[in-house]
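Whatever order the structure lists them in is the order used to number ligands and atoms, beginning at 1. Along the sequence shown, residues are numbered consecutively beginning with 1. All values derive from a computational prediction rather than experimental measurement.
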Amino acid sequence: MRDALEELRQSALEALSGAGSDAELREVEVQYLGRNGELTSLLKQLGSLSAEERPLMGKLSNEIKGEVQASIQERRKGFDEEKLQADLLGEGFDPTLPGPSAPAGGLHPLTRIRRELEDLFSSMGFYVVDGPELEMESNNFDALNIPGDHPARESHDTIWVREPSSPGAGDGTCMRTHTSPVQVRALRKFGAPLKVIAPGRVFRQETQDATHDHTFHQMEGLVVGKGVGVSHMLHAMNTLLEGVFGRKVETRLRPGFFPFVEPGFELDARCPFCEDGCRVCKGSTWIELMPGGLVHPHVLKACDVDPEHFSGFAFGLGLSRMVMLRYGINDIRWMLSGDLRFLEQF
Ligand code: PHE
């Protein structure tokens with residue numbers, strides 16, 4: 001019986017190595033190990049063996065069965081891999097090509113213009129400074145010469161996080177309503193002379209529509225030094241506009257009122273979209289772009305700067321509005337929407 005078993009081992013393994021496909025493997029498996037296969041019929045003879053031989057032959061046949069099964073599995077794995085390769089190659093897959101690259105993001109238009117302006121003003125010797133978005137009432141209003149009963153302080157305009165103990169008390173905290181409190185922080189920290197810009201988010205209690213949002217971006221400019229006047233302010237503003245629009249822009253100054261500047265102005269630019277009036281400029285050919293003025297002596301004093309020795313100018317650029325103008329964005333709500341249909345255009 002031992003010989004018969006050894007022969008079976010031999011011929012089964014040979015048959016396996018000759019099998020060229022999964023189906024042929026299966027045939028060999030049935031032929032040797034199947035219920036009516038050769039090994040089974042050999043085992044039927046176990047009963048006729050002597051008591052010593054029976055366990056030995058039983059053990060041998062188990063060994064052979066295991067070996068043949070292992071070899072079938074091995075071959076089958078080989079076929080699977082070949083099949084996989086063939087499938088992939090059949091579909092024109094080239095495993096040596098680099099994989100698809102991850103989609104590259106773009107810069108938000110606000111970020112883009114902010115960075116351009118930071119570069120421009122840095123090149124003119126300005127610091128780029130920052131202030132907190134949650135601001136003390138005293139910095140947002142009092143130090144800026146905004147009186148306690150000014151309507152801007154009311155809760156329909158300002159988002160209060162801690163209401164003042166009484167209206168105008170100066171001890172509240174609010175989401176800053178403009179970047180102007182950074183004037184105060186920068187002057188107190190660095191003193192005069194000083195040149196800074198301060199871009200950032202500001203917050204107002206607004207009903208949203210195409211031109212109003214509760215959160216938007218501004219960029220403050222502040223220059224304090226000896227003999228600083230309106231002509232310096234105009235130069236800075238015009239340089240800024242040239243930087244954003246890439247060409248000279250015709251501008252005009254009108255008087256404007258802000259408690260923290262004296263005199264105060266509104267800078268208008270010639271509408272970049274039309275010659276004789278359109279929807280953007282509401283038919284006037286001028287667009288109100290940038291308020292500014294000479295820093296009020298009360299503000300300088302509140303920041304421990306002597307108005308007898310120093311003067312300065314400040315302007316407040318509506319960064320969101322500027323971005324909208326440059327890219328022709330018709331609704332401010334797109335800006336912070338996070339909507340990919342909007343963002344993917346930049
Ligand atoms: N802070 C003012 C606003 O938000 C703008 C401004 C800044 C005006 C600086 C004058 C000077 O409306």
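- Any N or O atom pair closer than 3.5 Å counts here, and S180 shares at least one such pair with ligand 1.
- Protein heavy atom closest to atom 5 (C) of ligand 1, with residue, atom name and distance, is P291 CG, 3.6 Å.
- Given atom 2 (C) of ligand 1, the protein heavy atom at minimum distance is F260 CZ, 3.7 Å.
- Of all the atoms in ligand 1, the ones that sit under 4.0 Å from a non-hydrogen atom of G292 are 10 (C), 11 (C).
- Annotation for ligand 1: atoms under 4.0 Å from non-hydrogen atoms of H178 are 1 (N), 2 (C), 4 (O).
- Minimum interatomic distance between L49 and M1 (heavy atoms only, all atoms of both residues): CD1-SD, 3.7 Å.
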Derivation and outcome, side-chain contact (heavy atoms from CB on, under 4.5 Å), residues T179 and M219 = CA-CA 7 Å; T179 44; M219 189 185 87; 5.9 Å; no
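- Hydrophobic clustering (side-chain heavy atoms under 4.5 Å, transitive across Ile, Leu, Val, Met, Phe, Trp, Tyr) groups L267 together with V244.
- A donor-acceptor pair is defined here as one N or O able to donate and one able to accept, closer than 3.5 Å; no such pair exists between the side chain of H296 and the backbone of F258.
- The aromatic rings of F346 and Y327 sit perpendicular, their planes meeting at an angle over 60°, well past the 30° parallel limit.
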Given R2 and E53, is the salt bridge (Lys or Arg N to Asp or Glu O under 4.0 Å) satisfied, shown in steps?
-> CA-CA 10 Å; R2 182 183 293 275; E53 264 210 309; 5.7 Å; no
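- Atoms of ligand 1 found under 4.0 Å from any heavy atom of E220 (numbered from 1 in listed order, with element): 7 (C), 9 (C).
- Close contacts of ligand 1 with R204, meaning ligand atoms under 4.0 Å from a residue heavy atom, involve 3 (C), 4 (O), 12 (O).
- Each of the atoms 3 (C), 4 (O) of ligand 1 lies under 4.0 Å from some heavy atom of Q218.
- In the vicinity of A314, heavy-atom distances shorter than 4.0 Å reach the ligand 1 atoms 11 (C).
- Closest approach of G58 and L46 over heavy atoms only: N-CD2, 4.1 Å.
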